[in-house]
**Q** 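Sharing a structure, written as structure tokens. Questions coming.
Note that the structure is predicted; figures quoted are calculated from it, not measured. Within every chain, numbering begins at 1; the chains are lettered A, B, ... in the order of the sequence lines, protein sequences first and strands thereafter.
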Protein chains: 2
Amino acid sequence: MKTGRGVEWAVHSCVNMAWTPAGEAVNSARLAAYYKLPGAYLNKQLQALVHAGVLDSVSGPRGGFHLARRPEHITVLDVVLALEGPEPAFRCEGILGNVPDADQEQNYVRTCLISQTMRQAELAWRQALARQTIAGIADSMERRFPQDRVKAVSYLAAGT
Amino acid sequence: MKTGRGVEWAVHSCVNMAWTPAGEAVNSARLAAYYKLPGAYLNKQLQALVHAGVLDSVSGPRGGFHLARRPEHITVLDVVLALEGPEPAFRCEGILGNVPDADQEQNYVRTCLISQTMRQAELAWRQALARQTIAGIADSMERRFPQDRVKAVSYLAAGT
DNA sequence: GCTACCCTACTCGGATATGGAATGTCCGAGTATGCTCGG
DNA sequence: CCGAGCATACTCGGACATTCCATATCCGAGTAGGGTAGC
């Protein structure tokens, strides 16, 4: 029960993209240098976000990644699911259906109370993540540490 | 972001132990045969529960595992944490502290809003799991499928 | 018949393989930019 | 001076290694129970 390292990287990357002027792209090598991360691997993670429709990519000089839609409409859950996959974290294999003389017609995953408990807990987790948008986090961070945005944006733009 | 297979097995095992008469132990080979699971591996998972103080073990003939305390005082969260480890699922490495000219005195993990969001979501998940006890699940399952308890207990006791 | 001892079989416990996913790296495909050359 | 064409460097994109952890297995340590022999 561990999330990949890329989740933290991806959310920070999205916040930075929310800060950069519209129409500009942030390239992954520059982002990786800023946070001291393996560049090619960060690139791979951002590709997953493109595949999920969270980011758009631009090739060539002055290329990079930018948000595919307005940051108010991108939730933290979107980013997490893009990287970790949409399937539930709890693996229920319905072992109740393996017992001797089990009723083959019954849906043991649906009716199993343990499975229901796990699904409900995971729903609470997802709802909490869905309540936070990239825009909300970006705004809060800027209010709390105004100089951080300035520093990040100027550093990332220096790649020109 | 996946839980191990053993979580489902362990919770079902605990429910069965809540059903067995007090003073008797359930051995892992019999449990594994009932649910068609790899016996030695189930044994290993239950060992983790012993290490965490959820189960007690008894060696030798008529040996096995039994709950270490009353099933009303064992939550699903206890079982999950015993197997997956108590540390948070979200790995925050505080990459904000890696940026150039970062303030080394500041605790970036504590103040990072992304980290806070993740911690809050995970707290909701844990609270949902902590609300469900083994006793509660066992009672509900018995109310809904009364014959299942009879079948399981008699099968497991047949190892005598 | 009763008791003490030993032997056996059974179960946990941890050390030991294996496979697959997460992590990390590398090179090719495609494109915008800027330069060059001709009109 | 202006515009079209081309060379170039830059960035993404996916194919290719490597490391680590979940999964699975096996054998030794310890124990309870029963059988046996002696009193």
Side-chain angles (χ1 to χ4, degrees), chain A residues 1-10 13 17 23-33 35-52 54-66 68 80 82-85 87 89-91 93 95 156 158-160, chain B residues 1-10 13 17 23-33 35-52 54-66 68 80 82-85 87 89-91 93 95 156 158-160:
Chain A
M1 180 65 178
K2 289 276 170 293
T3 64
R5 298 181 68 193
V7 174
E8 183 186 9
W9 309 352
S13 298
M17 292 174 200
E24 295 194 9
V26 178
N27 82 64
S28 63
R30 197 80 185 151
L31 258 175
Y35 289 116
K36 305 261 178 57
L37 303 175
Y41 190 34
L42 174 63
N43 193 351
K44 189 189 184 69
Q45 309 280 13
L46 297 184
Q47 281 176 38
L49 294 184
V50 172
H51 202 70
V54 174
L55 298 184
D56 279 338
S57 65
V58 180
S59 285
R62 305 270 309 156
F65 298 89
H66 60 84
V80 172
L83 293 181
E84 303 283 321
E87 57 277 359
F90 174 68
R91 267 187 281 175
E93 301 177 352
I95 63 173
L156 296 174
T160 308
Chain B
M1 181 64 178
K2 289 274 169 296
T3 64
R5 297 181 68 194
V7 173
E8 183 186 8
W9 308 352
S13 298
M17 291 175 200
E24 295 193 8
V26 179
N27 81 63
S28 63
R30 198 79 186 152
L31 258 175
Y35 289 115
K36 305 261 178 58
L37 304 175
Y41 191 34
L42 174 63
N43 193 355
K44 189 187 184 69
Q45 309 279 14
L46 297 183
Q47 280 177 37
L49 294 183
V50 172
H51 203 72
V54 175
L55 297 183
D56 279 338
S57 64
V58 180
S59 285
R62 305 272 307 158
F65 298 88
H66 60 83
V80 172
L83 293 181
E84 305 283 320
E87 59 276 359
F90 175 67
R91 269 186 279 175
E93 300 177 353
I95 63 174
L156 296 175
T160 308

**Q** Rounded to the nearest 0.5 Å, how far apart are CG of L42(B) and CG of N27(B)?
**A** 10.0 Å
**Q** Tell me whether the side-chain N/O atoms of R91(A) come closer than 4.0 Å to OP1 or OP2 in dT23(D).
**A** yes
**Q** Tell me whether E8(B) contacts the main-chain N or O of E93(A) through its side chain, where contact means a donor paired with an acceptor under 3.5 Å.
**A** yes
**Q** To the nearest Å, give me how far apart CG (L46(A)) and P (dG24(C)) are.
**A** 14 Å
**Q** Please check the phosphate of dT11(C) (OP1 and OP2 only) for any side-chain N or O of S28(B) closer than 4.0 Å.
**A** no
**Q** Rounded to the nearest angstrom, tell me the gap between atom OH in Y41(B) and atom C1' in dA15(C).
**A** 16 Å
**Q** Kindly compute the distance separating CG (L31(B)) from CG (N43(B)), expressed to the nearest 0.5 Å.
**A** 10.5 Å
**Q** Nearest 0.5 Å please: distance from the CG atom of L49(B) over to the CE atom of M17(B).
**A** 7.5 Å
**Q** Give me the atom names and distance for the closest heavy-atom approach of A82(B) to A48(B).
**A** O-CB, 4.1 Å
**Q** Quick one: bend of the helix from dG1(C)-dC39(D) to dG39(C)-dC1(D) from 5 pairs per end, to 10°?
**A** 0°
**Q** What is the distance, rounded to the nearest whole Å, between atom CD of E24(B) and atom C1' of dG33(D)?
**A** 16 Å
**Q** Using a 4.0 Å heavy-atom cut-off to protein, can you give one letter per nucleotide of nucleotides 14-21 of chain D, 5' to 3': B if the base is in contact, S if only the sugar-phosphate is, - if neither?
**A** BB------
**Q** Roughly how far, to the nearest 0.5 Å, is CD of Q45(B) from CZ of R5(B)?
**A** 9.5 Å
**Q** Grab the CZ-P distance between R62(B) and dT31(D) for me, whole Å please.
**A** 19 Å
**Q** Rounded to the nearest angstrom, tell me the gap between atom CG in L49(B) and atom P in dG13(C).
**A** 11 Å
**Q** At under 4.0 Å, does any side-chain N or O of R30(A) touch on OP1 or OP2 of dT11(D)?
**A** no
**Q** Which one, dA24(D), dG13(C), dG24(C), comes nearest to the side chain of R5(B)?
**A** dA24(D)
**Q** In whole angstrom, what separates Q45(B)'s CD from dC12(C)'s P?
**A** 14 Å
**Q** Under 3.5 Å, side chain of R91(B) to main-chain N/O of T3(A), donor-acceptor pair present?
**A** yes
**Q** Assuming nearest nucleotide by heavy-atom distance, tell me which of G60(A) and G6(A) is located more 5' along DNA chain C.
**A** G6(A)
**Q** Which sits closer to the 5' end of DNA chain C, S59(A) or W9(A), going by the nucleotide each is nearest to?
**A** W9(A)
**Q** For a 4.5 angstrom cut-off between non-hydrogen side-chain atoms, does M1(B) reach K2(A)?
**A** no
**Q** Between atom CE in M1(B) and atom P in dA22(D), what is the gap in whole Å?
**A** 14 Å
**Q** Starting the side chain at C-beta, find the nucleotide from dC12(C), dG13(C), dT25(C) nearest to N27(B).
**A** dC12(C)
**Q** Looking at CD of Q47(B) and CG of L55(B), how far apart are the two atoms once the value is rounded to the nearest 0.5 Å?
**A** 11.0 Å
**Q** Specify the separation, in whole Å, of atom CD of E8(A) and atom P of dA22(C).
**A** 18 Å
**Q** If I take atom CG from residue L46(A) and atom OG from residue S28(A), how far apart are they, to the nearest 0.5 angstrom?
**A** 6.5 Å
